[in-house]
Undergrad: 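The structure follows.
Basis for what follows: all heavy atoms, side chains included, without hydrogens, waters or symmetry-related copies. Every chain is numbered from 1, with letters handed out A, B, ... down the list of sequences.
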2 protein chains.
Amino acid sequence: MLSGMAWNTAETKRRLKESAVAEFAAHGLGGTTMERIARRAGINKERLYTYFGDKSRLFATVLADELNKVAAAVPLDSLDGPEAVAAYAAAVYDYHAEHPELTRLLLWEGLLDLPEVPDEDSRTDYYRTKVTAFTRAQQANLISDDIPAADLAFLILALAGWWYAVPQMARMMHADDPATPDTAREALMRAAAKLATSASPWSRRGGRGRGLRDRDGEQGGGEQDDEI
Amino acid sequence: MLSGMAWNTAETKRRLKESAVAEFAAHGLGGTTMERIARRAGINKERLYTYFGDKSRLFATVLADELNKVAAAVPLDSLDGPEAVAAYAAAVYDYHAEHPELTRLLLWEGLLDLPEVPDEDSRTDYYRTKVTAFTRAQQANLISDDIPAADLAFLILALAGWWYAVPQMARMMHADDPATPDTAREALMRAAAKLATSASPWSRRGGRGRGLRDRDGEQGGGEQDDEI
DNA sequence: TCCAACTCCAACGTTTGGGTTGGAAACCAC
DNA sequence: GTGGTTTCCAACCCAAACGTTGGAGTTGGA
C-alpha cells in the first residue's frame, strides 16, 4: 500500500508466526481462528495457508519454534550439586515467567494427546541431554540418586511449571497468604534442592501406601524413629 | 419412544452432564460441540440450553461438579509425617489415573484464565483445608517447615499432576527407560516424602548418602537458612 | 375432561470460521 | 518494455456448530 518496500517473505512469515504464538497460547488450537492470527499480524489469511499449511501444522511449527528457543535460552550443562539443581529450576521458572506462551503451548499440546508430537526426535534429544546431566551428577555423587534421573528431572520441571499450568489453583491455595512470584520462586528453589539432596532416613512408620523403601540400604547413621 | 417411562428430568440432566464431562475433558471448551455432547448422551441438543445455559456455563457447571467429587474422594485430614504426605501424593496421583477428566478440566480451565473461576469460594475453602493440614503438621513438628505450608501443598499437587498435564513430556523424557505408571508413582512418593522431610544440611558439595556426616533427621524445629 | 405446565425433539436461522480462488501489484530476467 | 514468477489480498464457498422455535407427547390437577 503505502510502502515502497518490496515483498518480504521472511518478515511476513515471522510476523505471522509471532502472531500465531500469541493466539495459540491464549486460546489453544481449538479456540484460535486463522482469521484472528492474520488480523493480528496485519496480513491476509491466505498467507497462512500457503506458508504453513493448515491450522494444526501451523500449531506444530510454532510449538517447535518455541521449544528451540527455550532450549537455547535455558541451557543445562552440568550440575555440581543441589544448589545447581535449584538454580536450574529457578531459571526454568524465570523463563516461563517471561515467556508464558511456551508453557501454555506445551499444556495445550498435552491436552490434545496426539499419538505423535511434532518434532519428536529432536525434542526427545533435548530432554535426553537434561536427563543426562542429572545422571552424571548422580554418578559423581554430586546429587542424590534415590530418585531416578529421568524422574528427578521431570519432577523438577513439574515444580517449576505447575504455577503456570494451574494459576487458578495457585491463587486459591494461597488465598490466605498470597504468593508473590518471589515467594513462589523461593519455595520452588528450596524444593528443588531438597529433591536433589539425599534424604535423611526417615523412619518408616505405619504402612500407608506401598513402596518407599530405601533403595540402597540405610546410610550412615542410625535409623531414627520419631513418634509423634 | 419405546419407553413407557415417564419424563425424568434428573436422569436426563445427569446423563447430559456425564457426557459433557467426557467431551470437555477430551476436547476442551473450544473443541467440544454441543451437538456431540447431546448425541453422546442420546438426548436432544436443546435440553442442554434449557437446563444449563450456554456452552461456557455448562463447562463451569461440569467442572464444579467434578471438583466436588474429588474433594470427597481424596480426603486429607491430618498428616502425621512425611510418609503420610507421600501417601497423600500417591492418592492424588491414583485418583487422577482413574479419573483423568478432572486434571484435564482443571488444566483447560487454567488455560482459559478466566478472571473469576466458577465456584471460587467453595474451592478456596477446599484448598484451605488442605493447607491447614500441612500447617498443623508443621506446627507439630511432624513434617518439615522449611517450605511454607501453602507452597508445600501446592508443590505436592504439582508432583502428582504434572504427569497428566504434559504426558508427551513424560514420555519423551523417559524415552531411554520408559516410565511405567508404577515407577512414576514410586518416584512421586519418594519426592513427596523428601519435600516433607527436613533437609539434611547438605554438605557444601552436596555429597549424597553414604558420606552424610551429621546426624540426620533432625526435623522441623531447627530453622536452617541456606542461601541458594 | 379440559387445560396448564412440563419434557422432549426435529428442523431451522444465522454466524463463524477453515480453506480456496481469481486477480492485482511488485519484482526479475532478458 | 514484456513475460514469467512471486507476494499479497478481497471476496468467496461451504461445512460446522451455536443457539432457537414450534410443536408433539406427557403429566397432574380442577
Undergrad: Find the distance A:F59:CZ to C:dG17:P and express it as a whole number of Å.
TA: 18 Å

Undergrad: Give the rounded distance in Å between these two atoms: CG of A:L29 and P of C:dG17.
TA: 14 Å

Undergrad: Atom NE2 of A:H27 to atom P of C:dG17: distance rounded to whole Å?
TA: 11 Å

Undergrad: Could you check which of C:dA10, C:dG18, D:dA10 has an atom nearest any side-chain atom of A:Y49?
TA: C:dG18

Undergrad: By the 4.0 Å heavy-atom rule, please label A:L48 as base, sugar-phosphate, or nothing.
TA: nothing

Undergrad: Between the base of C:dG19 and the side chain of A:K45, is there a donor-acceptor distance below 3.5 Å?
TA: yes

Undergrad: For A:I37 and C:dG19, give me the distance from atom CD1 to atom P, rounded to whole Å.
TA: 11 Å

Undergrad: In whole angstroms, how far is the P atom of D:dC18 from the CD atom of B:E35?
TA: 8 Å

Undergrad: For A:E46, report the nucleic acid contact type (base, sugar-phosphate, nothing); a contact means any heavy atom under 4.0 Å.
TA: base

Undergrad: Taking CZ from B:R47 and P from D:dC18, how many angstroms apart are they, rounded to a whole number?
TA: 18 Å

Undergrad: Can you check the B:D54 CG to D:dC18 P distance for me, whole Å?
TA: 11 Å

Undergrad: Say whether A:T180 and A:D182, considering side chains only, have a donor N or O and an acceptor N or O under 3.5 Å apart.
TA: no

Undergrad: What's A:S56 touching, base or sugar-phosphate or nothing? Going by heavy atoms closer than 4.0 Å.
TA: nothing

Undergrad: Between A:K55 and A:T32, is there a donor-acceptor pair closer than 3.5 Å when you use the side chain of the first and the backbone of the second?
TA: yes

Undergrad: Could you label the plane-to-plane angle of the A:H174 and A:W163 rings as parallel, tilted or perpendicular, counting under 30° as parallel and over 60° as perpendicular?
TA: tilted

Undergrad: Counting only side-chain N and O atoms of B:Y51, is one of them less than 4.0 Å from OP1 or OP2 of C:dC8?
TA: yes

Undergrad: Any donor-acceptor pair under 3.5 Å joining the side chain of A:K55 to the base of C:dG19?
TA: no

Undergrad: Out of A:D65, A:T12, A:T61, which residue meets the side chain to side chain donor-acceptor pair (under 3.5 Å) rule with A:K17?
TA: A:D65

Undergrad: What class does the angle between the rings of B:Y93 and B:Y164 fall in, given that below 30° is parallel, 30 to 60° is tilted and above 60° is perpendicular?
TA: tilted

Undergrad: Counting only side-chain nitrogens and oxygens, does A:T12 get under 4.0 Å of the OP1 or OP2 atom of D:dC8?
TA: yes

Undergrad: What's the CE-P distance between B:M34 and C:dG13, to the nearest Å?
TA: 21 Å

